[in-house]
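Contents: one structure, followed by commentary.
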Amino acid sequence: MNRWYLLALLLLLAVPASAAEGIPGDADADGTLARAEYASAALAYLDAAYMNGAGDLDRDDIRDAAWVYARWDGKPREVTDSTGRTVTLYRPLRRVVTFSGESLETLRSLGFDMDKVVAVDKYSYEKETFFPGYQEKANVGSIWSPDMEKVLILRPDTIILYATISTAACDDIQKRLEASSPGIRVLRFDCFKPTTYAGEIRTIASIIDETERGEEFASFYGSTMDRIRDGTADIPDDEKTRVYFEYWFDYTTVAASAGYNEKTELAGGKNPFATGTTEYPVVDPEAIIVADPEVVVKLAGQGLAVGGYAGHDPEALDAIRSALLDRPGWSRISAVKDDRVHVIHSDILGGAQHFIGTAYLAKWFYPDRFSDLDPHAIHQRYLTGFQGIDFDLASQGTFVYP
Amino acid sequence: MIGLPANRLFCLVLLFLFVPAAACGAPVTRTLSAAEPGAGEVFDVSLSIDGIALGGVVETLPAGYAFAGTDHPDDRVLVRGQKIGFTVMNDTRITYSVTAPASGSGDITGTWEDFLGESDGQVAASHVAVDGIETAAESAGEKPAAQEAASPFAALAAAAALLLAGWGGRR
């Protein structure tokens with residue numbers, strides 16, 4: 001079949017069940033599902049489903065109506081996502097496609113019924129250890145190369161995209177979906193930024209009606225971040241620990257606009273290369289030696305190659321560290337002389353788990369100030385208590401070295 | 001041989017497999033004021049509901065038996081032939097009345113749905129027979145899953161497993 005005909009057919013089929021705006025069962029269409037309306041809708045559903053009667057409400061409709069009636073007080077829920085756009089929800093999330101691993105992880109933290117996530121981005125799909133079983137869900141590619149046909153075939157009612165990164169790619173996906181599937185809900189969250197994550201946790205919790213769990217998780221997250229902020233608040237700028245943070249690539253650091261710099265500074269680090277507009281500038285090797293960092297942090301985890309959740313592989317991180325120590329002239333750097341060269345995996349610093357990585361940074365930068373901070377314990381509690389995965393940090397994964 | 005721990009474990013596994021859901025944790029259970037009513041007698045059927053905030057129950061009466069009323073609010077009851085639909089809104093008990101025919105027997109069957117919990121199932125069947133006399137009349141409804149789970153075979157298998165486990169334990 002001609003590809004365009006196929007796509008046109010898909011578009012016709014793609015309008016999701018919940019596309020029509022309005023609460024199911026709201027007979028007078030006044031935007032509120034009153035008790036009598038709900039009761040009538042429930043009876044009509046039972047009649048159609050079991051009593052050979054006629055009716056146009058299906059099982060999803062009545063379940064959605066019950067949700068709105070019980071949990072949203074019969075009214076639609078308005079939420080403002082991280083782009084500042086207000087979205088009105090007339091039904092709960094039932095068929096969700098996430099293009100953001102961070103949002104997917106946050107949904108799991110909040111106790112969302114993950115069976116309702118029908119497709120994930122390719123990176124989450126490939127993380128078999130962290131997202132076990134998700135390989136049975138559909139893989140819709142990345143925001144840069146989305147499989148739009150597959151998205152449409154899945155008939156999602158909600159799509160989650162990034163808010164403030166890769167905005168052109170996400171805008172394009174949103175535009176195409178809203179054109180083909182009227183009523184589809186596009187929600188945009190980052191879920192990796194320290195400045196906005198606590199708010200996003202609460203907003204997403206409100207959407208899925210897990211506000212109590214949201215408060216619990218936001219408090220857990222906030223207690224770590226507040227501990228770090230409070231522990232570094234009184235350090236004068238000229239007494240802050242000088243840190244050379246190296247990105248995945250050799251001699252590539254992070255400037256002021258990079259998320260990793262934000263976390264470095266949150267932990268009380270002073271980045272001598274923070275100036276400049278390039279997010280990840282390449283630095284002159286000699287300039288690093290001249291800057292004489294007190295701590296060196298090297299990021300590992302490019303392409304899921306070593307460590308992180310992919311495997312227990314401290315030797316690999318040790319090799320990365322050894323290569324740093326062997327660099328010409330580095331024996332003169334204070335961090336090397338004082339044995340303060342560390343490797344950290346991006347799994348715990350770049351995404352929704354940034355609070356764990358930032359706790360490690362704080363501890364490395366100020367071991368005395370943060371002697372009571374236990375990032376390992378925080379990490380394990382996150383995995384067991386919020387992610388709900390069977391992952392024992394004592395024997396699985398490698399996230400920092402040493 | 002039966003006394004070996006592995007065999008006893010096997011028997012216990014059998015027991016758990018065949019003692020059906022009907023015996024534990026069903027959110028809707030039914031009791032009758034009379035299982036052997038007299039001809040034309042009105043008897044009560046009581047549905048006990050546990051843990052369903054918003055949902056529904058549809059009951060099916062045997063042929064000849066007729067719905068005679070309920071204390072459930074009018075706008076949450078629908079009768080169509082032998083079927084009676086009730087919407088559940090935080091109710092823990094629904095009672096309705098049935099008029100028995102001049103003669104006849106069969107099963108009252110039921111289906112429940114929990115809309116918020118997104119689950120559904122069968123209410124275990126209740127047998128009724130006018131004056132206790134069995135007739136060839138069939139239940140108007142389909143045989144429910146819970147009833148199938150509690151089939152004679154399952155009961156027999158459970159009893160056998162119990163006996164075997166007990167025998168093994170004495171050796």
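Order of the sequence lines fixes the chain letters, A, B, ..., with proteins taken first and strands second; residue numbering starts at 1 for each chain. Worth knowing before you read on, the calculation uses all heavy atoms, side chains too, and leaves out hydrogens, waters and symmetry mates.
The two atoms that bring A:Ala66 and B:Phe115 nearest to each other are CB-CB, 3.6 Å, heavy atoms only. Minimum heavy-atom separation, B:Ser119 to A:Arg63: N-NH2, 3.7 Å. The two residues B:Leu116 and A:Arg71 make their nearest non-hydrogen contact at CD2-NE, 4.3 Å. A:Leu46 and B:Val57 make their closest contact through CD1-N, 4.2 Å (heavy atoms, listed as atom of the first residue, atom of the second, distance).
The CG atom of A:Asp60 sits 7.5 Å away from atom CD of B:Glu118, with the distance rounded to the nearest 0.5 Å. Here the CE atom belonging to B:Met89 is positioned 6.0 Å from the OH atom belonging to A:Tyr38, to the nearest 0.5 angstrom. In this structure, the separation between CZ on A:Arg59 and CG on B:Asp120 is 4.0 Å, given to the nearest 0.5 Å. Expressed to the nearest 0.5 Å, how far CG of A:Asp47 lies from OG1 of B:Thr87 amounts to 12.5 Å.
Heavy-atom contacts from other residues, nucleotides or ligands closer than 6.0 Å to CG of A:Asp28 number more than 12. Other residues, nucleotides and ligands contribute at most 12 non-hydrogen atoms within 6.0 Å of the NZ atom of A:Lys122.
Chain B forms the most heavy-atom pairs under 4.5 Å with one residue out of A:Ala49, A:Ala36, A:Gly53, A:Ser40, and that residue is A:Gly53.
Just one of B:Glu59, B:Glu113, B:Lys83 meets the side-chain hydrogen bond (donor to acceptor under 3.5 Å, both in side chains) condition when paired with A:Tyr50; it is B:Glu113.
The contact between A:Arg35 and chain B is made by backbone and side chain atoms together, counting heavy-atom distances below 4.5 Å. Contact of B:Thr111 with chain A is made through the side chain alone, with heavy-atom distances under 4.5 Å.
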